[in-house]
Enquirer: 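Please see the structure below; I have some questions.
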Amino acid sequence: MPTTTFRRKRRADTPPPRTGSSETEVLRGFLDYLRASIAAKVDGAPEPQARTAGVPSGTNLLGLLNHLTFVECSMFLGDEVTDWQATFQAAPADSVAEVVARYREAVERANEVLDGCTDLGAPLPRPGRPAPSVRWALTHLIEETGRHAGHADILRELIDGATGR
């Protein structure tokens, strides 16, 4: 197996967020922290490596963020996804900057919905289809975003040696 030498690009780690003490503030604070971490990890990644599979499963940096955009839109905006596996690939014409911008816009729109949710036990406002509680949705998005942010950390380091969150 060939070895690649990288000049390490270290970013200082961003510490966990200091949030308010309410359950809503803690959950939303950690979700926003993870959202910012993965967007920063993908932002500025070089083409075509950002969309090149870094592991045998085919997982790639750009695909992870594209997938999380669909997750945000499905969970908080009510969009239906018929093929989740397909969400792990960005369109060939999409640049890194476009995928990052689309993710950030989805997060902004999701936060607008969450701003109107005052009861964590209430279902998300998704007319026409069953919805989980706001608490469940926030917890799931923390888990999903954190899991893929960890994948992105490894993939970005393999691409150009960049580390840190």
Enquirer: Working to the nearest 0.5 angstrom, can you tell me the gap between Asn60 CG and Leu155 CG?
Expert: 7.5 Å
Enquirer: Just verifying a value: how many Å separate Asp115 CG and Thr24 OG1, rounded to the nearest 0.5 Å?
Expert: 11.0 Å
Enquirer: Quick check: closest heavy atoms across Ala106 and Thr69, and the distance to 0.1 Å?
Expert: CB-CG2, 3.9 Å
Enquirer: SG/Cys117 to CG/Leu138 distance, rounded to the nearest 0.5 angstrom?
Expert: 8.0 Å
Enquirer: So, do Leu65 and Leu61 sit near enough that their side-chain heavy atoms are less than 4.5 Å apart?
Expert: no
Enquirer: Tell me every residue that passes side-chain contact (heavy atoms from CB on, under 4.5 Å) with Thr52, counting only those two or more places apart in sequence or in another chain.
Expert: Pro48
Enquirer: side-chain contact (heavy atoms from CB on, under 4.5 Å) with His151: which residues, sequence neighbours excluded?
Expert: Leu64, Arg147, His148
Enquirer: Treat each ILVMFWY residue as a node, draw an edge where side-chain heavy atoms are under 4.5 Å apart, and state whether Tyr103 and Val113 are in one component.
Expert: no
Enquirer: Going by an N to O cut-off under 4.0 Å, is there a salt bridge joining Glu108 and Arg104?
Expert: no
Enquirer: In the structure I gave you, are the side-chain heavy atoms of Phe76 and Val134 within less than 4.5 Å of one another anywhere?
Expert: no
Enquirer: Are Leu120 and Ser133 close enough that some pair of their side-chain heavy atoms sits under 4.5 Å apart?
Expert: no
Enquirer: Treating Ile, Leu, Val, Met, Phe, Trp and Tyr as nodes and any side-chain heavy-atom pair under 4.5 angstrom as an edge, say whether Trp136 and Phe30 lie in one connected cluster.
Expert: yes
Enquirer: Could you pull out the closest heavy-atom pair between Val96 and Gly44, with the gap in Å?
Expert: CG1-N, 4.0 Å
Enquirer: Can any side-chain N or O of Arg156 pair as donor or acceptor with the backbone N or O of Lys41 at less than 3.5 Å?
Expert: yes
Enquirer: In the single-linkage hydrophobic clustering (I, L, V, M, F, W, Y; side-chain heavy atoms under 4.5 Å), do Ile159 and Val42 co-cluster?
Expert: yes
Enquirer: Nearest 0.5 angstrom please: Gln85 CD to His67 NE2, how far?
Expert: 9.0 Å
Enquirer: Please step through salt bridge (charged side-chain N to carboxylate O under 4.0 Å, His left out) for the pair Arg129 and Asp79, ending with a clear verdict.
Expert: CA-CA 10 Å; Arg129 54 186 268 224; Asp79 292 1; over 6 Å; no
Enquirer: Does any N or O in the side chain of Glu25 come within less than 3.5 Å of the main-chain N or O of Ser21, such that one atom is a donor and the other an acceptor?
Expert: yes
Enquirer: Do Arg35 and Glu72 touch side chain to side chain, with heavy atoms closer than 4.5 Å?
Expert: yes
Enquirer: Would you say that Trp84 contacts Val81 through its side chain, given a criterion of any heavy-atom pair below 4.5 Å between the two side chains?
Expert: yes
Enquirer: Flag yes if Val26 and Leu34 sit in one hydrophobic cluster, no otherwise; membership is Ile, Leu, Val, Met, Phe, Trp, Tyr, and two members link when side-chain heavy atoms are under 4.5 Å apart.
Expert: yes
Enquirer: Side chain of Gln49, backbone of Asp160: donor and acceptor closer than 3.5 Å?
Expert: no
Enquirer: Quick one: CG on Asp94 to CD on Glu98, what's the gap to the nearest 0.5 Å?
Expert: 5.5 Å
Enquirer: Are the side chain of Arg126 and the backbone N or O of Ser74 linked by a donor-acceptor pair below 3.5 Å?
Expert: yes
Enquirer: Do the side chains of Glu143 and Leu31 get nearer than 4.5 Å, heavy atoms only?
Expert: no
Enquirer: With sequence neighbours left out, what residues match Ala149 under side-chain contact (heavy atoms from CB on, under 4.5 Å)?
Expert: Ile38
Enquirer: Check whether any side-chain heavy atom of Gln89 lies under 4.5 Å from a side-chain heavy atom of Asn66, and answer yes or no.
Expert: no
Enquirer: Would you confirm whether Thr145, through its side chain, and Leu141, through its main-chain N or O, come within 3.5 Å as a donor-acceptor pair?
Expert: yes
Enquirer: Are any non-hydrogen side-chain atoms of Pro132 and Leu124 less than 4.5 angstrom apart?
Expert: yes
Enquirer: Which heavy atom of Ala90 sits nearest a heavy atom of Val99, and at what distance?
Expert: CB-CG2, 4.0 Å
Enquirer: Just verifying a value: how many Å separate Asp153 CG and Ser37 OG, rounded to the nearest 0.5 Å?
Expert: 8.0 Å
